[in-house]
Amino acid sequence: MINNESILNRLDSKINLLNLNRQELHRFLISLGAKSFSTQQIMHWIYHYYCSDFNKMLNISAKIRNQLQKNSRIFAPEFTEEKVSFDGTIKWITEINKQKIETVYIPEQKRSTLCVSSQIGCPLKCHFCATGQQGFNRNLQVFEIISQIWQANKRLQKKNINNITNIVFMGMGEPLLNLKNVVSALNIILDEFGFALSKRKITLSTSGVVPALDKLRSMIDVSLAISLHASNDVIRDLIMPINKKYNIQSILDSTLKYFRSSKANRGGVTIEYVMLNGINDANQHAEQLAVLLRKLPSKINLIPWNPFLGSSFASSNINRINIFANILRSKGFTTVIRKNRGKDIDAACGQLTGNVKNDIKNVKYS
Ligand code: SAH
Ligand code: SF4
């Protein structure tokens, strides 16, 4: 049986290269006496060949390989469990210290998307979300975010399936509450010597932690998805406690600024709207939403609500969702009804729970 924990313990004194973006890796290698160009060579070994064995890196001098061996490791925790849905969606679980990180692979005809987690649990407690209702344990480190992609691609390659083409930060957690590590991981995902994905193919979804969203703008450009879910503050206050801190207008102002400085969002940012029966799904809410979004170039994603144990919400039925969508379309908004993939294995939006031990001590909002 895989024991990520015992491997981690052995690694304590060694630097895990999967924790370092290119700049950081470069500094580390120079400190070992390596030549400048070895940074690209090592990244190529890690992110192109998925190689974690320094002995195989024969274009690196023996002296530097020795130094690397002594001071560092390339360690990606392994998936400890796999659940496969009838629709081809796969949920991979990585268990570390009895905590579970969940990652979802969603194959489609022309692309394959990996939904990654950025935290174990989530402190924001949106009432309709299983992750939020589980509580919060901790932020993921850079290598724990990167490993989800690394292990996924390794598995796919073994099965002769193409690498992941799209990444969405829509798994467990609020990525903007783990800003530093998420941005460092994004740098590796975008890097031509890392996973080399284009900024349009990476989506960061956020419930709108405004100060962090403002910071993100100056740090990195990726596709943005905003979890709005309500057309006015009264409803949003009710279903998303974070709204009492950062209300709809402040989120939309910050999103517009991000849009204006972004190339990745040229077609508009994505607005996510979960369809909750009798709560936010009336015609008047669609009308109100259209007014709210009139100044923000955006496309709207309507998400049928996915159930989880102990929740009293219900999803709007498909008729209602279609009517809601058509109102928005009639106002000129590109509106898509999101397909629910992996529902039978609890892998759909908002169904990821991990196995969270609550630890609210470390919560910071910016
Ligand atoms: N914390 C981030 C990203 C993770 S959640 C955020 O909130 O944006 C990914 C998406 O799933 C968000 O839009 C979230 O609101 C939505 N979601 C959460 N619970 C859901 C549920 N039970 N059914 C459908 N969508 C849900
Ligand atoms: Fe956290 Fe996002 Fe779930 Fe809200 S919807 S509790 S922000 S993961």
Side-chain angles (χ1 to χ4, degrees), residues 101-104 106 113-140 145 148 167-179 182 202-210 212-213 216 222-230 235-246 251 254-255 258 269-277 279-281 298-316 321 336-343 346-354 356 358 360 363 365:
I101 303 167
E102 302 197 340
T103 310
V104 182
I106 309 153
T113 303
L114 196 70
C115 176
V116 299
S117 293
S118 55
Q119 299 185 306
I120 297 182
C122 179
L124 295 187
K125 296 193 177 309
C126 300
H127 297 307
F128 52 81
C129 171
T131 313
Q133 292 306 299
Q134 274 278 305
F136 174 65
N137 181 262
R138 66 172 174 86
N139 281 337
L140 295 188
I145 299 172
Q148 297 174 60
I167 292 175
V168 295
F169 279 74
M170 294 186 186
M172 293 161 67
E174 167 49 55
L176 294 189
L177 291 182
N178 187 11
L179 187 64
V182 165
I202 307 166
T203 304
L204 184 147
S205 174
T206 176
S207 57
V209 186
V210 170
L213 184 54
L216 187 75
V222 290
S223 303
L224 196 61
I226 301 292
S227 290
L228 200 62
H229 303 321
I235 298 177
R236 202 165 190 269
D237 277 353
L238 264 177
I239 57 177
M240 299 178 75
I242 182 79
N243 198 62
K244 296 199 181 96
K245 199 156 177 132
Y246 309 116
I251 295 168
S254 175
T255 305
Y258 195 94
V269 297
T270 300
I271 297 294
E272 296 166 283
Y273 196 99
V274 66
M275 297 297 294
L276 300 168
N277 181 39
I279 293 182
N280 63 357
D281 64 347
S298 50
K299 41 202 175 186
I300 300 167
N301 239 314
L302 299 180
I303 316 175
W305 179 75
N306 295 307
F308 57 91
L309 214 65
S311 174
S312 51
F313 289 101
S315 179
S316 318
I321 300 178
V336 174
I337 300 169
R338 191 180 283 175
K339 280 192 221 115
N340 278 333
R341 301 279 304 261
K343 232 169 139 177
D346 285 344
C349 283
Q351 290 187 318
L352 305 181
T353 52
V356 173
N358 289 310
I360 308 284
V363 185
Y365 284 95

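One-based numbering, in listed order, for ligands and for the atoms of each.
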Margin query: Could you walk me through whether Ser118 and Glu174 satisfy the side chain to side chain donor-acceptor pair (under 3.5 Å) test, starting with their C-alpha distance in whole Å, then the side-chain angles of each, then the deciding distance to 0.1 Å, before giving a yes or no?
Written below: CA-CA 7 Å; Ser118 55; Glu174 167 49 55; over 6 Å; no

Check: Given the rule in the side-chain contact (heavy atoms from CB on, under 4.5 Å) test, do Gln133 and Ser311 qualify, once you have shown the distances and angles that lead to the verdict?
Finding: CA-CA 9 Å; Gln133 292 306 299; Ser311 174; over 6 Å; no

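Across all their heavy atoms, Ser316 and Asp281 have their closest contact at OG-OD2, 2.9 Å. The heavy-atom pair separating Val209 from Leu176 by the smallest distance is O-CD1, 4.0 Å. Thr255 and Ile226 make their closest contact through OG1-CD1, 3.5 Å (heavy atoms, listed as atom of the first residue, atom of the second, distance). Taking all atoms of both residues into account, the shortest heavy-atom contact from Ile145 to Leu140 is CG1-CB, 4.0 Å. A pairwise comparison of heavy atoms in Thr131 and Gly173 identifies CG2-N, 3.8 Å as the closest pair. Across all their heavy atoms, Ala225 and Met170 have their closest contact at CB-CE, 4.2 Å.
Checking only distances, Phe308 never comes within under 3.5 Å of ligand 1, N or O to N or O. Not a single N or O atom of Arg338, backbone or side chain, sits closer than 3.5 Å to an N or O atom of ligand 1.
Shortest contact from atom 25 (N) of ligand 1 to any protein heavy atom: Cys349 CB, 3.4 Å. Scanning the protein for heavy atoms near atom 19 (N) of ligand 1, the closest one is Gly350 CA, 3.1 Å. The protein heavy-atom contact nearest to atom 2 (C) of ligand 1 is Ser205 O, 3.4 Å. For atom 4 (C) of ligand 1, the closest non-hydrogen atom on the protein side is Gly171 O, 3.3 Å. Scanning the protein heavy atoms around atom 14 (C) of ligand 1, the nearest turns out to be His229 NE2, 3.7 Å. At the top of the distance list for atom 1 (N) of ligand 1, counting protein heavy atoms only, stands Gly173 O, 2.9 Å. The protein atom (non-hydrogen) at minimum distance from atom 9 (C) of ligand 1 is Met170 O, 3.6 Å. Protein heavy atom at the shortest distance from atom 23 (N) of ligand 1 is Asn306 N, 2.9 Å.
Residues Met240 and Cys126 have side chains in contact (heavy-atom distance under 4.5 Å, counting atoms from C-beta outward).
By the ring pair (Phe, Tyr, Trp, His ring centres under 6.0 Å) test, Phe308 pairs with Trp305, sequence neighbours left out. For the side chain to side chain donor-acceptor pair (under 3.5 Å) test, residues two or more places apart in sequence or in another chain that qualify with Gln119 are Asn139. Considering only residues two or more places apart in sequence or on other chains, Phe169 meets the ring pair (Phe, Tyr, Trp, His ring centres under 6.0 Å) condition with none of them.
Counting atoms of ligand 1 from 1 in the listed order, those under 4.0 Å from a heavy atom of Phe169 are 3 (C). The atoms of ligand 1 that sit less than 4.0 Å from any heavy atom of Glu272 are 10 (C), 12 (C), 13 (O). In summary, the atoms of ligand 1 found under 4.0 Å from a heavy atom of Ile303, numbered by their order in the structure, are 24 (C), 25 (N). Ligand 1 places these atoms under 4.0 Å from at least one heavy atom of Cys129: 18 (C), 19 (N).
Interatomic distance, CG of Leu204 versus OG of Ser223, reported as 9.5 Å (0.5 Å rounding).
At a 4.0 Å heavy-atom cut-off, ligand 1 touches Val274 through the side chain alone. Under 4.0 Å from ligand 1, not a single heavy atom of Leu124 appears.
With distances taken over non-hydrogen atoms, the option nearest atom 13 (O) of ligand 1 out of Ser227, Cys126, Pro304 is Ser227.
In this structure, His229 contributes its side chain and Arg236 its backbone to no donor-acceptor pair below 3.5 Å.
Contact shell of ligand 2 (protein heavy atoms, cutoff 4.0 Å): Cys122, Leu124, Lys125, Cys126, Cys129, Gly132, Gly173, Glu174, Ser207.
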